[in-house]
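Have a look at the structure below, then the notes.
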Amino acid sequence: MGTPTLAATQGRALWALLLATLGSAASQPLGVDSMCMARPLAKYSITFMGKWSQMAFPKQYPLFRPPAQWSSLLGAAHSSDYSMWRENQYASNGLRDFAERGEAWALMKEIEAAGEKLQSVHEVFSAPAVPSGTGQTSTEFEADARHSLVSFVVRIIPSPDWFVGIDSVDLCDGNRWRERVTMDLYPYDAGTDSGFTFSSPNFATIPQDMVTEITSTSPSHPANSFYYPRLKALPPIARVTLARLRQSPRAFVPPAIDLAGRGNEIMDSLSVPETPLDCEVSLWSSWGLCGGPCGKLGAKVRTRYVRVQPANHGASCPALEEEAECTPDNCV
């Protein structure tokens, strides 16, 4: 046999490299751009902080029956082949029950089923509810190299089907675990209930809509509790911090939770933004009867009423009564 040519040798080497590359790609989990190469196990604390104050969100702020508050937090450490929720996709039955009524049983069953069937969930975790709009709660969970993504949901109470949360945030950065991740949270609509306000009655959305973010102008309806057309964006309604815990308990001290004295209120009021709320008035009523003496001009009046009082230096209310000249119909 003859000595292989340089071109043939290079061709075989290129073919071997191609096969090795394809084999490596095929061995990676579906949907993962790069595998996590960090140490097998990492422990994290997760701290949820509500920032839903009357100063930041003055429109229709719930003060009673029930007052503004947050449900318990339900989350999971998982791989890329599981999704608890995703924007612009349909909510599962479990997420619908949780977002509408705060019932977690069906959602937990969905998570457990994904863990048993696909081995895609490493751990399910929860944290206690926050009994006011501003306050915090925390818990701990574990993640590993295959299950380095974290998702959770917290229901906004009261609301039709609104919630906050994170979707598949990766705690792994190549060959290391992220030390700290802090994210501002904004309200989402689960797409299963058509209410516009915090206290709207149950009115199912048929057909079901997708999960969408609620913004200062969407839904574009004055009755919407989050409708603030003067704002380019809503202030964050909550915040979450994920912090890696070291092996030594002295290396990290989770944030303290103040559950006494102030109803779990956030002490730092200076960091709460003031959202201006303009006065909103009703449409004008019909004109009243024209009254006055015969042979002279009379006057008629129409009125309107205040629907939303201004707050935080918002635009003041216009005149609520208007008078116009007229010719008396039944003069005296």
Side-chain angles (χ1 to χ4, degrees), residues 24-25 27-50 70-87 89 92 94-95 98 104 107-130 136-155 163-186 188 211 238-257:
S24 174
S27 66
Q28 293 187 16
L30 185 64
V32 177
D33 294 330
S34 59
M35 291 186 65
C36 175
M37 303 301 293
R39 287 195 302 176
L41 196 64
K43 193 167 187 178
Y44 280 86
S45 72
I46 177 170
T47 301
F48 172 86
M49 177 177 288
W70 302 94
S71 75
S72 58
L73 178 151
L74 182 61
H78 59 90
S79 60
S80 62
D81 45 15
Y82 170 73
S83 174
M84 180 180 290
W85 68 277
R86 187 146 293 168
E87 186 176 3
Q89 291 189 10
S92 66
L95 180 60
F98 188 86
L107 184 55
M108 290 187 66
K109 284 295 183 183
E110 290 175 356
I111 299 172
E112 291 173 2
E116 293 172 0
K117 184 178 180 179
L118 302 175
Q119 299 296 307
S120 57
V121 176
H122 174 73
E123 183 176 350
V124 182
F125 56 88
S126 64
V130 180
Q136 63 183 37
T137 186
S138 65
T139 189
E140 297 177 1
F141 67 92
E142 288 182 344
D144 61 24
R146 167 155 163 70
H147 307 88
S148 61
L149 307 181
V150 61
S151 300
F152 76 82
V153 287
V154 181
R155 181 180 180 240
F163 69 96
V164 297
I166 59 175
D167 166 37
S168 302
V169 171
D170 199 345
L171 298 175
C172 183
D173 184 12
N175 61 353
R176 65 182 182 88
W177 293 104
R178 300 181 188 273
E179 294 298 322
R180 191 177 186 89
V181 178
T182 298
M183 301 177 64
D184 287 331
L185 305 178
Y186 300 88
Y188 280 88
V211 175
R239 178 175 294 167
V240 64
T241 298
L242 301 116
R244 187 182 172 197
L245 299 172
R246 299 298 183 181
Q247 296 296 327
S248 170
R250 297 180 181 178
F252 178 84
V253 178
I257 302 178

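Numbering starts at 1 and runs along the sequence shown. Below, each value reflects all heavy atoms present in this structure, side chains not excepted, and no hydrogens, waters or symmetry copies. It should be emphasised that the depicted structure is a prediction, and the values quoted were computed from it without experimental measurement.
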Check whether any side-chain heavy atom of Phe152 lies under 4.5 Å from a side-chain heavy atom of Val240, and answer yes or no. yes
Relative to the ring of Phe141, is the ring of Tyr44 parallel (under 30°), tilted (30 to 60°) or perpendicular (over 60°)? parallel
One should read off an interatomic distance between Leu171 CG and Arg176 CZ, to the nearest 0.5 angstrom, of 11.5 Å
Worksheet entry | Within-4.5 Å side-chain heavy-atom neighbours: Leu73 and Val130 | no
Residues Arg178 and Asp170: closest non-hydrogen pair is NE-O, 2.9 Å
Verdict with reasoning, Leu74 to Met108, per side chain to side chain contact (heavy atoms under 4.5 Å, CB included) | CA-CA 8 Å; Leu74 182 61; Met108 290 187 66; 3.7 Å; yes
In this structure, OG1 of Thr137 is separated from CZ of Phe48 (nearest 0.5 Å) by 9.0 Å
Side chain proximity check, Val153 to Leu107, heavy atoms < 4.5 angstrom
yes
Nearest heavy-atom approach of Met84 to Leu95 is O-CD2, 4.4 Å
Residue set satisfying side chain to side chain contact (heavy atoms under 4.5 Å, CB included) with Thr139, at least two apart, ordered chain then number -> Ile46, Phe125, Ala127
Heavy atoms of Tyr82 and Ser120 approach each other most closely as CB-OG, 3.5 Å
Exactly one candidate in Glu140, Glu123, Glu142 meets salt bridge (charged side-chain N to carboxylate O under 4.0 Å, His left out) with Lys43; the answer is Glu140
One should read off an interatomic distance between Glu110 CD and Ser83 OG, to the nearest 0.5 angstrom, of 11.0 Å
d(Asp81 CG, Lys117 NZ) to nearest 0.5 Å is 11.5 Å
Shortest non-hydrogen pair, Leu185 vs Gly165, comes out as CD2-O, 3.7 Å
query: So, the side chain of His78 versus the backbone of Gly115: is there a donor-acceptor pair under 3.5 Å, distance only?
result: no
Taking every heavy atom of Ser148 against every heavy atom of Cys172, the minimum-distance pair comes out as CB-CB, 3.8 Å
Practice task
Please examine the side chains of Glu179 and Arg246, heavy atoms only from C-beta on, and report whether any two atoms are closer than 4.5 Å.
Solution key: yes
For Ser72 and Phe98, the nearest pair of non-hydrogen atoms, with its separation, is O-CZ, 3.5 Å
To the nearest 0.5 Å, atom CZ of Arg146 lies from atom OG of Ser80 at 7.0 Å
Residue pair Thr182 / Met49, side-chain heavy-atom distance below 4.5 Å: no
Between the OG1 atom in Thr241 and the CE atom in Met183, the distance rounded to the nearest 0.5 Å is 10.5 Å
Q.
If you define the side chain from C-beta out and look only at heavy atoms, does anything of Val211 sit under 4.5 Å from Arg86?
A. no
- Is it true that Lys109 and Glu116 make a salt bridge, defined as a side-chain N closer than 4.0 Å to a carboxylate O? no
